[in-house]
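Chain identifiers are assigned alphabetically (A, B, ...) following the order of the sequence lines, protein sequences preceding nucleic acid strands; residue numbering begins at 1 within each chain.
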Amino acid sequence: MLTAILIMALGAIVLGAALGYASIKFKVEGNPLVEKIEAILPQTQCGQCGYPGCKPYAEAIAEGEADINKCPPGGMEGVRKLADLLGREVKPLDAEEKPKQLAIIDEQLCIGCTLCIQACPVDAIVGAAKQMHTVVESLCTGCELCVKPCPVECIRMEPIAEKIDNWKWKYPVFEIKPARRAA
Amino acid sequence: MLQRLFKFKGGVKPATNKAPSVQAPIRIAPIPPRLVVPLHQSIGGQPTPLVEVGDRVLKGQRIGAADKWVSAAVHAPTSGTVIAVEERVAAHPSGLPTLSVVIETDGQDAWIERHSFDHASLEPERVREILRDSGVVGLGGAVFPSHVKLTPAASVPMDELVINGAECEPFMTCDDLLMRERAEGIVRGVAIFRDLLRPKRVLIGIEDNKPEAVAAMQAAVEALGENFEVVAVPTRYPAGGAKQLIRVLTGKEVPASKRSPEMGVQCFNVATAYSAWRAIAFGEPVISRIVTLTGNVEQPGNWEILLGTPMQEVIALAGPKADTNRFVMGGPMMGFDLPDLSAPVVKATNCIIAGSPALFPPPAPEMPCIRCGACALACPHELQPFELYWFSRSRNFGKAQEYNLFDCIECGCCSYVCPSHIPLVQYFRFAKSEIWSRERDKNMADAAKARFEFRNERDEREKAEKAERLAKAAAAKAAEKKPAPAETPPAPAEAPAPQTVDAEAAKKAAIAAAMERARLQREAAQPKNTDGLTIAQRKEIAEIEKRRAPLQAQQQTTPNADAAQTQNSQKDQQ
Ligand code: SF4
Ligand code: SF4
Ligand code: SF4
Ligand code: SF4
């Protein structure tokens, strides 16, 4: 009896020590759930979700403060993935879904005020004071944050055109024809 | 010679339908009034255009330069005048436009100066360069730049070089006729590949339903005294798939994750070998190719057609019958419907089939999968198409990848045998392009995140630095104020004054020196970001520079204003 208790107690102590050691040794930096959520968010950093960037929104979701349907650039696809990850209900997107866009600066109108550079969260605009500015296409995430600050309204958003490089095979759809009636 | 053949799993035996188009020899198509030559005709980077509107070009003149190592040049197929460099419909299932050079031909067909090379006396690297600049790419349909494939793997010795003359797709006979009529050129081209790759053996695989081609190739090999083995392989679709042919001839299996040189084997199409020989021995770049025109036409056959010839004119050569309702580029198994007949013939165009409702009856309605397993038996890659179908259909792409979706070569055997008429390959293509697009999005998102984080960090740092600067300035002010009223030690008070002046002067000199250095550096290093621009872009830049020139001159005459302006702009930036 006593030996049994001793053995169990010893086991408990050893295992407890091992677990305690492991929790210190293999401590995970940051919140892994936030990282997983962030990996799903499109990193457009547009703030349309009401948070100042994708990470704050991811943190808010992880805390349970925010709904999962607030990110328009992520679209329904994003909502579905988040629902999958978090085991929540899929909800319709709380905004309109838009195709992916790209900012274009009308270089003839640009006065070189640098306001858009300051607004762009991913440094996708190049230019200098009183010089023409332009958007680096490959870096622009289409967040629209540069549109408002422009005092001469020379920035417009354009949907990204379908090119051969980014063309996709469509989901196979077949015409449904009424069956021919036997005459 | 006795050659042990291996077998690949699966495969199907569709009706070959090759007989109609092998009756006539290869005919040369007439030069059309206009050629539309797309710049992007191979896998890899898009070549940069080298000509502008109004230029006169000669036959074989380079009009697009390869922009990277994995890319191939394009050339003017005949002489004439460039009338446009613009987006034109491409021979692509999407029917979207791509940047093309439109040439109005002059009918003279005047060649540019040609140089022949002796590949044996050249560095292998130079030979590869010539092939790239001659636009030699895989003419079997994959259009992968050949020079890239001609680099042997450093670690694995090259055992076999496989030359693909199997041509397993139904209807298609362009390689068959090429082998019958131009076997010698092919063998000489294979010899070039052999000298670059130095394999232990060279195997030429031809399906056994082409006895004439086998005989012609054998005769050519013997006549040239080469030790290549010409092997007749059993006719079974897709024996002409590179991986299947390698498997049949060498018994090696190349997984999707590996490239064939890593397994000590490489595979080229016969037409590629032929074009490589023309490029090296005659200095003739790839400007035409042999195309099979067949199906529902009056005069099926093979034509040598200039690249860039619009499809309408090509089809007119064969005379489509009245009930033709569609045109397929490539074979019936792997090809696609041409969305627009103004698309030009490109390096990938091996066959055009006119289809009629009788020839290609409309697909029967798709029925549910009954899990009969016929598709898995037919798949030459031993995949489980029904599982892939299920996951692709439900957009469960992760699972589809787990089931090796990317090993699928889209051969169409599974769709061919499916009793439920499920267009399986279409689902696989959909899934693949969807996965690629997601990968692109993911990479973009990661890059955006990194840039966003970097920007935030920089903002913080700048803020901190500013605060520090302000604090220092405040401290300095405070320090200045303090000793002023005291005025106790007169001697040291004098001493620092000349020192500060000195320091100031030194600082100014240093700044001047730094500015001078920067100026010299600027002058020495030409701006690099204007390399590789299109002609249109360069023109635009020249125009802008012209507009700016008077302004700059004005600024130089009034240096003070200039300085003031820079100061202003610095202020603005802050
Ligand atoms: S709306 Fe979406 S993309 Fe925009 S900041 Fe919020 S999470 Fe990021
Ligand atoms: S350029 Fe404009 S739209 Fe594009 S990422 Fe920057 S701020 Fe957003
Ligand atoms: S052949 Fe067709 S019906 Fe049979 S298992 Fe494959 S997909 Fe399903
Ligand atoms: S298309 Fe893909 S899955 Fe179907 S048989 Fe061919 S390799 Fe197998």
* For chain A, which residues of residues 390-398 of chain B have heavy atoms nearer than 4.5 angstrom -> B:S392, B:R393, B:R395
* Asked: At a heavy-atom separation under 4.5 Å, does B:K432 approach chain A through its side chain, its backbone, both, or neither?
  -> neither
* Which answer fits A:K170, side chain, backbone, both or neither, if we ask what part of it has an atom under 4.5 Å from a heavy atom of chain B? -> backbone
* Asked: Would you say B:P344 and B:V37 make side-chain contact, with heavy atoms under 4.5 Å?
  -> no
* Go through A:T141, A:V122, A:D123 and name the one with the most non-hydrogen pairs under 4.5 angstrom from chain B. => A:D123
* Say whether A:E144 and A:Q101, considering side chains only, have a donor N or O and an acceptor N or O under 3.5 Å apart. => yes
* Can you say whether A:S138 sits under 4.5 Å from chain B via the side chain, the backbone, both, or neither, judging by heavy atoms? -> backbone
* To do: Output all residues satisfying side-chain hydrogen bond (donor to acceptor under 3.5 Å, both in side chains) with B:H40, sequence neighbours left out; order by chain, then residue number.
  => none
* **From B:M444 atom CE to B:E439 atom CD, the distance as rounded to the nearest 0.5 Å** => 14.0 Å
* To do: Measure distances from B:P365 to the heavy atoms of chain A and classify the residue's part below 4.5 Å as side chain, backbone, both or neither.
  => neither
* To do: Mark yes when over 12 heavy atoms from residues, nucleotides or ligands other than A:E137 sit less than 6.0 Å from its CD; otherwise mark no.
  => no
* To do: Name the region of B:A447, side chain, backbone, both or neither, that has any atom closer than 4.5 Å to a heavy atom of chain A.
  => neither
* **Within 6.0 Å of CE in A:M76, more than 12 heavy atoms from elsewhere** => yes
